[in-house]
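Here's the structure, in structure tokens; my notes come after.
Counting starts at 1 for both ligands and their atoms, following the listed order. We count residues from 1, following the sequence as given.
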Amino acid sequence: MAEVKTQEFVAASGAAMQNPTLRRALRQVGTGFNGARLEAIDEVGPQLWEEWREEAQRIKRHTIDHLDYYLEMLHDNVTKAGGQVHFARDAAEANGIVAELARTRQVKLATKSKSMVSEELDLNQALEGIGVEVFETDLGEYIIQLAGETPSHLVAPALHKTKEQVAELFNDQLGVPLTDDIEEMARTAREALRQKFLQADLGISGANFLVAETGTLVIITNEGNGRLCTSAPRLHIGITGMEKVIPSVQDLALFLRLLPRSATGQRLTSYVSMVSGPRRSDDEDGPEEFHLVLVDNGRSKLLADPDLRESLYCIRCGACLNICPVYQKIGGHAYGWVYPGPIGAIVSPTLVGLKQAKDLPQASSLCGACREACPVKINIPRMLLHLRHKLAESQDPEEKSTSAMDSLAARGYTWLMNNPSALTALGKLGRAAQQPLAGKGKIEKLPLPLVSQWTKTRDLPLLPQRTFREIWAQELGQAGSSIASPTSRDTESRDAGSGG
Ligand code: SF4
């Protein structure tokens, strides 16, 4: 399995925020991908878009609730089409199946189209371990393979790299002159990969969807590399998570409308490739053998948990990453494992272990933007809160996310909110105490436990000179007899809260 660095999230995200080149590269996330998504939704019309999302969620919920039934249907139909299905419990088993197929077919060179599951399994390393050369053929994946890095985004793996960095990489690794022309760089990659497509014995692909009723593997790409990987070599192995199954071709039509629009704002990707078994006698091309490896690797745990099962509806469009204010600041590598962003903060803790990834569910402002953007209407904030609750209640001291100090602070806050006169008194005390710290109209650093972590990188506004309750009593309360003076305990508490 891919190396897990989720424990380093706090340090890695801090370092990412201090990296100006990364911040520059990440600018396109919000304005580029997210902007294009919003334009695509405008074109469809918000009402119809909403109907599509509802329907997509209904299909995914139904399929995941009957996953055993649809996996069996998929298995039968892939087999009928002449392919072979393998079920893998974990990364070791999945890598073992692929390695054994490669070994027994004397594979020397493999081309691979983009597959996040293969990243999760660290499949390249497993194949290289038995002497198979593996070439990534998606341009973004090719770039990060040359750089010896991992993907930082579900859809755009090399999003963290600027074009200048890619130019230097190509210059260094491929010996081509430096250029700032992106088309020129794409041409370089195409030429480097062309021979590999022709030489490969094995083509490996992921799957965006698996259609149960026809036993079809579907991949959508913009570069055509997926089609070459699945049709040119004599052996094709599709490898993907078991949650990618959908019931029918009719359902596929809906997801083909939703996924590209949510990912890149496109109406349809340039290539939609559908593979149903190996080549038939009258086919012009295609592999002699087709194998489908369906990977569990912790997904059963998500399936068994009614609070997290919804995360299996994910179609990996990346829209929640693109809109997330946290992802936009730190990028994908800081999350420390294959799946970054809001959806990664849910699936990674379950797949790699809650103890190792306990900081990820905290990496959210719970603004709800991810839920709004998700084409399958996955309620990400609810699941983040669920994981936070689990961590706070954990009896394992290494897993528990809250300290005795946090509990004390929460109890103190509850008491304060229930005692308006104490809150008023504290407000007065705070206004007096803030004067020496006030600096230039804001509090820059507050030397208190817990709060100092927050003010280390953020400014606190000063408490206002008059609270809302004082303004009300002095001015607004006299504005008309129809407006009652706030004398009740409830109102007093609210007013004091808003004014500090
Ligand atoms: S959770 Fe939703 S928005 Fe995020 S990647 Fe998955 S499908 Fe896309």
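- Between the Arg309 side chain and the Leu302 main chain, no donor and acceptor come within less than 3.5 Å of each other.
- Only the side chain of Ile380 comes within 4.0 Å of ligand 1, counting heavy atoms alone; its backbone N, CA, C and O stay farther away.
- Below the 2.8 Å limit, atom 6 (Fe) of ligand 1 has as protein N, O or S neighbours Cys314 SG.
- In this structure, Glu141 does not pair ionically with Lys112, as no charged nitrogen and carboxylate oxygen lie closer than 4.0 Å.
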### Query
Step by step, would you call Tyr335 with Trp337 a ring pair (Phe, Tyr, Trp, His ring centres under 6.0 Å)?
CA-CA 6 Å; Tyr335 288 82; Trp337 203 53; over 10 Å; no

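- Shown here are the side-chain contact (heavy atoms from CB on, under 4.5 Å) partners of Asn225, two or more places apart in sequence or in another chain: Ser113, Thr137, Asp138, Phe197, Thr221, Glu223.
- Taking each heavy atom of Gly318 and Val155 in turn, the nearest pair found is N-CG2, 4.3 Å.
- Here Arg194 does not pair with Glu191 in a salt bridge; the nearest charged N to carboxylate O distance is not below 4.0 Å.
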